[in-house]
Amino acid sequence: MWGRALLAGLAGLILLYLILPMLVVVPLSFSGQSYLSFPPQSWSLKWYGTMADNPLWLEATINSLLIGIPTALISVAFGTLAALGIVRGNIPRAGLISAAMVAPMMMPHVILAIGLYPVMLELGLLRTHVAAIIGHSVIGIPLVFITVSAAVTGYNGALELAAMTMGANPWQTFWKVTFPMIRVGMLIGGILAFATSFDELMLSLFLTGAATRTLPRLIWEQLADYLTPTIAAVATLVFVFTLVLLAIVSLLQIRRGRAMAGQHG
Amino acid sequence: MLKGANTGTPATMRKASWSVARLYRWMLLAPALFLAAFFVFPIIRVVLRSFSDPAWGVQNYERIMAGGPYLQVLLATIQTAATVTALCLLLAYPVAYVMSRLTGSLLQIAAACVIIPLWTSAVIRSYAWMVVFQRKGILNEALIGAGVLDDAIRFLPGSFAVHVGMVHIMLPFMILPLLANMRAIDRSLLRAAEIMGANPLVAFAKVYFPLSMPGVSAGVALVFMMSLGFFITPALLGGPQHLMAAVLIEQQANVILDWGLASSLATVLLVVTGAMYVLYMRLTGNATGNLKGAL
């Protein structure tokens with residue numbers, strides 16, 4: 001009995017360690033002091049004001065959105081095509097090809113970054129939004145591939161076959177049969193690809209410039225110079241935004257889980 | 001997971017679906033071309049450049065193998081990744097064990113504690129650790145306040161901070177494969193062992209632990225592989241004393257502009273990571289199954 005309580009306590013402490021950074025950053029952003037004392041002795045919103053006064057933060061946020069949204073769209077398109085092609089195409093050695101599809105996500109980003117830099121330079125795209133969109137899509141496609149593969153594997157391919165034997169052309173089959181079955185997987189994958197792009201630093205360091213730098217890159221540059229609570233304010237807002245995205249994803253997953261249970265039961 | 005997609009389809013149907021399958025295969029073309037152009041091609045260029053910049057030959061690799069600071073950084077990277085993996089396993093195992101027995105809202109709270117950090121920006125998390133570890137930071141103030149220390153310790157930059165930060169980022173990647181594995185373990189086997197006279201500790205060591213090995217090996221391979229390429233945490237918390245491969249590569253390419261050396265270091269990192277990825281695939285049988293909880 002005591003052993004069990006001890007184990008539960010230990011697990012609780014380790015889980016606390018996991019959320020500790022946010023327990024530090026969020027209160028710090030409301031600090032009334034200009035140095036990073038914790039817990040803050042007085043409270044204020046002035047660091048949010050400082051952030052709002054500096055146009056760089058808004059600019060970087062807009063850049064991150066201008067890069068993240070197209071990245072999500074490209075990742076959804078290519079990731080979905082790849083998942084359908086591999087799962088429904090009865091590809092020989094599908095396991096190997098799937099592994100290759102997921103590889104960009106697992107590889108250290110620095111390798112891709114120094115590889116893409118000269119390619120973008122030659123294409124004349126370096127320091128444009130397009131360069132970062134392409135780079136982020138390479139790591140976003142695997143995420144969509146994973147979520148859509150799971151969705152496609154979750155129902156019988158005979159459904160599409162039935163539609164086609166009844167006279168539907170491939171286009172109609174996709175929109176009337178396949179798409180309703182996989183759209184939640186596509187949406188979840190898209191949100192995760194967006195979140196990954198929104199958070200990515202290494203490719204942005206190599207591929208964006210002063211006019212296209214993303215939010216993580218700006219935080220990174222500011223961290224090198226000063227450790228002010230302004231960054232805590234930015235971090236808190238980014239954190240809240242991530243939480244909202246995660247909440248949407250888990251709601252979608254719960255709904256999908258229910259829909260699947262209904263189908264089989 | 002993918003191979004099983006069409007099992008259970010009658011043989012006649014499989015024959016008819018052949019042309020449809022071919023249609024589906026064409027869908028692979030666009031993503032394959034995109035990844036060939038912007039993933040495979042750039043990486044091939046990195047490998048080629050490691051042999052051709054500034055001149056053809058293996059001089060970049062000779063510089064690494066000469067035993068100077070570059071080799072040291074590569075070895076330190078492998079050592080750090082190994083330590084981080086061991087620490088993650090040590091911390092993740094009890095958490096996953098407790099979580100595998102939870103249900104309802106307690107499980108949801110615990111899962112949120114694992115998933116939320118996973119999706120929180122690594123730059124922001126490293127900033128938080130800087131706040132904790134700095135000279136007048138939370139840790140120093142607390143230790144001095146408690147009378148443990150007379151004077152502040154200099155944690156930054158340093159190995160201790162790097163390990164705390166890296167373990168924090170990798171821990172969810174160890175917990176999730178373990179949890180997936182442990183939830184599938186048939187607990188009646190444990191009861192059987194106890195009925196047969198094993199005490200709980202023996203039952204755990206002889207029955208439960210061996211059954212959890214697939215989760216352990218998947219988690220270890222995944223965490224070690226991902227730790228090798230760490231950049232943000234060692235760059236912010238480690239400084240020049242605790243260089244890791246990715247930080248060194250970024251410096252060589254972005255600051256020193258020695259692209260030949262950067263490419264050869266990247267090639268070494270690629271080979272080691274690639275070998276770990278193959279091992280991970282062998283252990284788990286698929287690329288995605290063990291991370292499903294995270295996605």
Side-chain angles (χ1 to χ4, degrees), chain A residues 7-8 10-11 14-15 18-19 21 24-25 28 36 38 78 81-82 84-91 94-95 98-99 102 104 106-108 110-112 114-116 118-119 134 138 141 146-147 149 153 157-158 161 164 170 192 195 199 201-202 216 219-220 223 227 231 235 238-239 242 246, chain B residues 1-3 5-6 9 13 17 20-21 23-25 27-28 30-31 34-35 38-39 42-43 45-46 91 94-95 98 110 113-114 116-117 119-121 123-125 127-132 138 171 225 228-229 231-232 236 246 249-250 253 262-263 266 269-270 273 277 281 286-288 295:
Chain A
L7 195 62
L10 183 68
I14 297 169
L15 289 176
L18 275 176
I19 52 166
V24 171
V25 167
L28 201 66
L36 300 165
F38 194 90
F78 285 160
L81 283 173
L84 283 172
I86 290 176
V87 179
R88 288 283 183 261
N90 281 333
I91 297 267
S98 303
V102 180
M106 301 292 193
M107 206 188 50
V110 68
I111 303 175
L112 186 62
I114 67 169
L116 275 174
V119 174
I134 291 175
V138 170
I141 290 171
I146 292 170
T147 54
S149 290
T153 322
L161 214 57
M164 289 197 218
L192 297 181
D199 179 32
L201 176 67
M202 182 55 91
I219 298 177
W220 173 262
L223 272 182
L227 211 58
I231 295 174
V238 173
F239 178 61
T242 315
L246 264 181
Chain B
M1 159 190 129
L2 297 173
K3 272 180 198 148
N6 272 11
T9 321
M13 209 177 245
S17 73
V20 180
L23 189 72
Y24 276 116
R25 283 184 199 179
M27 290 184 162
L28 265 175
F34 183 85
L35 289 178
F38 298 113
F39 176 61
I43 286 170
R45 285 188 52 163
V46 170
L91 295 179
V95 173
V98 171
C113 288
V114 177
I116 289 171
W119 288 101
T120 308
S121 157
V123 184
I124 291 176
R125 288 195 271 165
Y127 164 74
W129 292 117
M130 289 169 85
V131 174
V132 171
I138 299 168
L171 199 50
M225 173 177 70
L228 288 170
F231 172 73
I232 295 166
L236 284 177
I249 294 169
E250 194 267 346
S263 302
L269 187 60
L270 177 71
T273 315
Y277 187 51
M281 300 297 301
N286 67 71
T288 60
L295 301 178

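Just the heavy atoms: all of them, side chains too, but no hydrogens, waters or symmetry mates, feed the values below. Chain identifiers are assigned alphabetically (A, B, ...) following the order of the sequence lines, protein sequences preceding nucleic acid strands; residue numbering begins at 1 within each chain.
For A:Leu223 against B:Met130, the heavy-atom pair with the smallest separation is CD2-SD, 4.2 Å. Across all their heavy atoms, B:Arg25 and A:Asn90 have their closest contact at NH2-O, 3.1 Å. For the residue pair A:Ile14 and B:Pro94, the shortest heavy atom distance occurs at CD1-CG, 4.4 Å.
B:Arg45 contributes no side-chain N or O that, together with a main-chain N or O of A:Leu116, makes up a donor-acceptor pair within less than 3.5 Å. One N or O on the side chain of B:Tyr277 and one on the backbone of A:Ala99 form a donor-acceptor pair closer than 3.5 Å.
Inter-residue side-chain proximity for A:Val25 and B:Val131 is flagged as unmet; no heavy-atom pair is nearer than 4.5 Å. Side chains of A:Leu201 and B:Phe231 form a contact here, defined as non-hydrogen atoms less than 4.5 Å apart. Residues A:Asp199 and B:Trp119 are not in side-chain contact: their nearest non-hydrogen atoms beyond the backbone lie 4.5 Å or more apart.
Proximity to chain A involves both the backbone and the side chain of B:Ile232, based on heavy atoms less than 4.5 angstrom apart. Only the side chain of B:Thr273 comes within less than 4.5 Å of a heavy atom of chain A; its backbone N, CA, C and O stay farther away.
Paired with B:Tyr24 under the rule side-chain contact (heavy atoms from CB on, under 4.5 Å), one option of A:Ile86, A:Leu84, A:Ile91, A:Val87 passes, and it is A:Leu84. Each of A:Ile231, A:Val24, A:Ile219 was scored for a side-chain contact (heavy atoms from CB on, under 4.5 Å) with B:Tyr127, with one residue passing: A:Ile231.
Of the listed residues (A:Ile111, A:Thr242, A:Ile19), the one with the most heavy-atom contacts under 4.5 Å to chain B is A:Ile111. Ranked by heavy-atom pairs under 4.5 Å with chain B, the first of A:Leu10, A:Val238, A:Ile134 is A:Ile134. Of all the listed residues (B:Val132, B:Leu228, B:Leu270), the one sharing the greatest number of non-hydrogen pairs under 4.5 Å with chain A is B:Leu270. Chosen from A:Ala235, A:Pro118, A:Pro104, the residue pairing most often with chain B at heavy-atom distances under 4.5 Å is A:Pro104. Heavy-atom pairs under 4.5 Å with chain A peak, among B:Ala266, B:Gly229, B:Cys113, at B:Cys113. The most heavy-atom pairs under 4.5 Å with chain B, out of A:Gly85, A:Gly89, A:Gly115, come from A:Gly89. Per-residue counts of heavy-atom pairs under 4.5 Å with chain B were compared for A:Ala8, A:Ala11, A:Pro170; the largest is that of A:Ala11.
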Requested in this report: For side-chain contact (heavy atoms from CB on, under 4.5 Å), just list the numbers for B:Phe34 and A:Ile141, CA-CA rounded to whole Å, side-chain angles, deciding distance to a tenth of an Å, and then say yes or no.
Outcome: CA-CA 10 Å; B:Phe34 183 85; A:Ile141 290 171; 3.6 Å; yes

Query raised in the report: Should A:Leu112 and B:Phe38 be marked as a side-chain contact (heavy atoms from CB on, under 4.5 Å) after you check the CA-CA gap, both sets of side-chain angles, and the distance that decides it?
Result: CA-CA 9 Å; A:Leu112 186 62; B:Phe38 298 113; over 6 Å; no

Query raised in the report: Checking side-chain contact (heavy atoms from CB on, under 4.5 Å) for the pair A:Phe239/B:Ile124: CA distance, chi angles, key distance, verdict?
Result: CA-CA 9 Å; A:Phe239 178 61; B:Ile124 291 176; 5.6 Å; no

Report task. Let me see the working for A:Leu18 and B:Val95 under side-chain contact (heavy atoms from CB on, under 4.5 Å), right down to the final yes or no. Result -> CA-CA 11 Å; A:Leu18 275 176; B:Val95 173; over 6 Å; no

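Note: B:Ile116 CD1 to A:Leu246 CG = 6.5 Å, rounded to the nearest 0.5 Å. With rounding to the nearest 0.5 angstrom, the CG atom of A:Leu15 is 10.5 Å from the CG atom of B:Leu91.
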